[in-house]
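Counting starts at 1 for both ligands and their atoms, in listed order.
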Amino acid sequence: MNTPLRVLIHGASGRMGQALLRLAADAPQSWQVVAAVTGRAPTQRVVDGVPFFAAAELGGVPAFDVAVDFSLPEGVEPLLQLCVARRAALVSGTTGLAPAQRESLEAAAASIPLLWASNFSVGVAVLDELVERAARALPGWDCDIVESHHVHKKDAPSGTALTLGESAARGGATPRYASLRAGDIVGEHLVQLAGQGERIELVHRASNRDIFARGALQAASRLHGRPAGLYSMRGLLFGDS
Ligand code: NAD
């Protein structure tokens, strides 16, 4: 029997953190959450056997194999430093990172295996492929990306919309973005390609954030034990770079 992977959940009190804790607890043969880290001091020190730490106490967390991060941009740098110091892998889904924070991620990937993805759903990874192919096949068509999320989402356009836009641009399109914030929408992305007299709409709708949490945990288990480097969802799923 394999020993479970020792996981640190960063952003543990958030919407994604709570989904990660629940899914990890459902599969104790695969995951042992050794630390759950929150931005502010936790209200309870141990929840369902999992020790909680404030971000300010990050240096005192026990040994872990991989950190899974869904927090806020300002929390990412200290976690990067910890993972590098502990030689642990990092899976991060935090969006809204500034260019300097993206550069820090890339620099850390020289010493640890690291995967940052704006979206951990398998469906969006496939959509991303389709967008690049469609844009390449349709030179000169207009490309608009419309994303909708719940009212609490802080960054806009979403990280996923920007990733889809990068793929469209690789295919030769010049994407424009529109963002809607309404109700409790988990996440919707529409990529519209419009020509003269016809248009294509490629849409992904997430109805449950477990898809992101499950994808991030799968990525964590695939990343553990790999050499240092910057990995991607498309790379792990489809074997591209
Ligand atoms: P949330 O606001 O519900 O939770 C944020 C969590 O981060 C909380 O636990 C908070 O205590 C913690 N936090 C805040 N500041 C921190 C700090 N300085 N250090 C450590 N922890 C800190 O947010 P959410 O909806 O769970 O989303 C979290 C992030 O994940 C956002 O950037 C969101 O866009 C992104 N996200 C990514 C994906 C994906 O597939 N990549 C999917 C959903 C959400």
Side-chain angles (χ1 to χ4, degrees), residues 8-24 33 35-44 47 50-61 64 67-83 90-98 101-102 104-105 114-128 147-164 166 179-181 183-189 204-220 223 231-234 236-237:
L8 178 151
I9 307 279
H10 194 245
S13 59
R15 284 169 284 262
M16 283 301 299
Q18 291 291 300
L20 286 159
L21 286 170
R22 181 170 38 77
L23 290 179
V33 180
V37 180
T38 57
R40 297 205 193 118
T43 43
Q44 269 182 276
V47 181
V50 174
F52 272 64
F53 299 82
E57 301 162 337
L58 206 52
V61 299
F64 61 97
V68 180
D69 164 60
F70 286 83
S71 61
L72 290 182
E74 57 267 33
V76 173
E77 184 69 46
L79 179 65
L80 265 180
Q81 288 172 14
L82 178 77
C83 290
L90 172 62
V91 169
S92 174
T94 300
T95 61
L97 300 180
Q101 290 164 326
R102 294 291 294 268
S104 293
L105 282 178
L114 193 155
L115 188 157
W116 176 88
S118 58
N119 197 304
F120 279 92
S121 99
V122 174
V124 164
V126 173
L127 174 66
D128 198 43
E147 56 98 349
S148 309
H149 282 89
H150 55 87
V151 292
H152 304 290
K153 184 165 177 63
K154 298 213 165 66
D155 52 317
S158 69
T160 304
L162 295 171
T163 300
L164 292 168
E166 284 166 20
S179 299
L180 300 177
R181 295 289 173 263
D184 64 352
I185 301 171
V186 173
E188 292 188 10
H189 292 87
H204 179 270
R205 293 191 180 91
S207 49
N208 185 321
R209 52 180 58 81
D210 281 8
I211 59 170
F212 310 124
R214 204 172 291 117
L217 287 172
Q218 280 169 5
L223 203 59
Y231 294 83
S232 72
M233 274 302 272
R234 269 167 76 165
L236 285 189
L237 288 171

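A heavy-atom distance below 4.5 Å is not found between the side chains of D69 and V91. Looking only at side-chain heavy atoms (C-beta outward), V76 and L97 come within less than 4.5 Å of each other. With a 4.5 Å cut-off on side-chain heavy atoms, T38 and F52 count as touching. By the 4.5 Å heavy-atom criterion applied to side chains, L115 and L90 are not counted as neighbours. Inter-residue side-chain proximity for N119 and T163 is flagged as unmet; no heavy-atom pair is nearer than 4.5 Å. For the pair R22/D210, a side-chain contact is recorded, criterion being any heavy-atom separation below 4.5 Å from C-beta on. Two residues are said to be in side-chain contact when any heavy atoms from C-beta on lie closer than 4.5 Å; F120 and I211 fail this criterion. Between F212 and S121 the shortest side-chain heavy-atom distance falls below 4.5 Å.
In terms of protein heavy atoms, atom 38 (C) of ligand 1 is closest to F70 CE2, 3.5 Å. Here the protein heavy atom with the shortest distance to atom 33 (C) of ligand 1 is T95 OG1, 3.7 Å. Of all protein heavy atoms, the one closest to atom 31 (C) of ligand 1 is S71 O, 3.7 Å. In this structure, atom 35 (C) of ligand 1 lies nearest to the protein heavy atom G93 O, 3.4 Å. Closest protein heavy atom to atom 40 (O) of ligand 1: F120 N, 2.9 Å.
Not close to ligand 1: V37, with no non-hydrogen atom less than 4.0 angstrom away. Residue contacts with ligand 1 do not include R209, since none of its heavy atoms lies under 4.0 Å from the ligand. In this structure, Q18 falls outside the shell of residues with a heavy atom less than 4.0 angstrom from ligand 1.
Using a 4.0 Å cut-off to heavy atoms of M16, the atoms of ligand 1 that qualify are 26 (O), 43 (C), 44 (C). The contact set between ligand 1 and F212, taken as ligand atoms under 4.0 Å from a residue heavy atom, comprises 40 (O), 42 (C), 43 (C). Listed by atom number, the atoms of ligand 1 under 4.0 Å from K153 heavy atoms are 34 (O). Residue contact check: G75 has heavy atoms under 4.0 Å from atoms 17 (C), 18 (N), 19 (N) of ligand 1. Heavy-atom proximity to S118, at under 4.0 Å, picks out these atoms of ligand 1: 39 (C), 40 (O), 41 (N). Ligand 1 places these atoms under 4.0 Å from at least one heavy atom of A55: 19 (N), 20 (C). Atoms of ligand 1 lying under 4.0 Å from any heavy atom of A12, numbered from 1 in the order shown and given with element: 9 (O). Proximity to T94 (heavy-atom distance under 4.0 Å) selects the following atoms of ligand 1: 32 (O).
Inclusion of R40 in the set of residues having an N or O under 3.5 Å from an N or O of ligand 1 is not warranted. At least one N or O atom of S13 sits closer than 3.5 Å to an N or O atom of ligand 1. Looking at R15 next to ligand 1, an N or O pair under 3.5 Å apart turns up. Looking at A117 next to ligand 1, an N or O pair under 3.5 Å apart turns up. On a distance-only criterion, G14 and ligand 1 share at least one N/O pair closer than 3.5 Å. Residue-to-ligand polar distances place G39 within reach of ligand 1: an N/O pair is separated by less than 3.5 Å.
When atom types are taken as modelled, the side chain of E147 and the backbone of L180 share no donor-acceptor pair closer than 3.5 angstrom. Looking only at distances, no side-chain donor or acceptor of Q81 sits under 3.5 Å from a matching main-chain atom of P78. No donor-acceptor distance shorter than 3.5 angstrom exists from the side chain of W116 to the backbone of R102, with no hydrogens or angles considered. Checked by atom type and distance alone, the side chain of S148 never pairs as donor or acceptor with a backbone atom of E188 at under 3.5 Å. Using modelled atom types, one side-chain atom of Q101 and one backbone atom of P73 make a donor-acceptor pair closer than 3.5 Å.
Here atom 15 (N) of ligand 1 lies nearest to L72 when heavy atoms of V76, L72, N119 are compared.
Within the 4.0 Å heavy-atom criterion, neither part of P78 lies near ligand 1. Only the side chain of H10 comes within 4.0 Å of ligand 1, judged by heavy-atom distances.
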**OP:** Would you check, one step at a time, whether the test side-chain hydrogen bond (donor to acceptor under 3.5 Å, both in side chains) holds for S158 with H189?
**Re:** CA-CA 9 Å; S158 69; H189 292 87; 2.8 Å; yes

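No more than 12 heavy atoms of other residues, nucleotides or ligands lie within 6.0 Å of CZ in R205, so this atom counts as exposed by the packing criterion.
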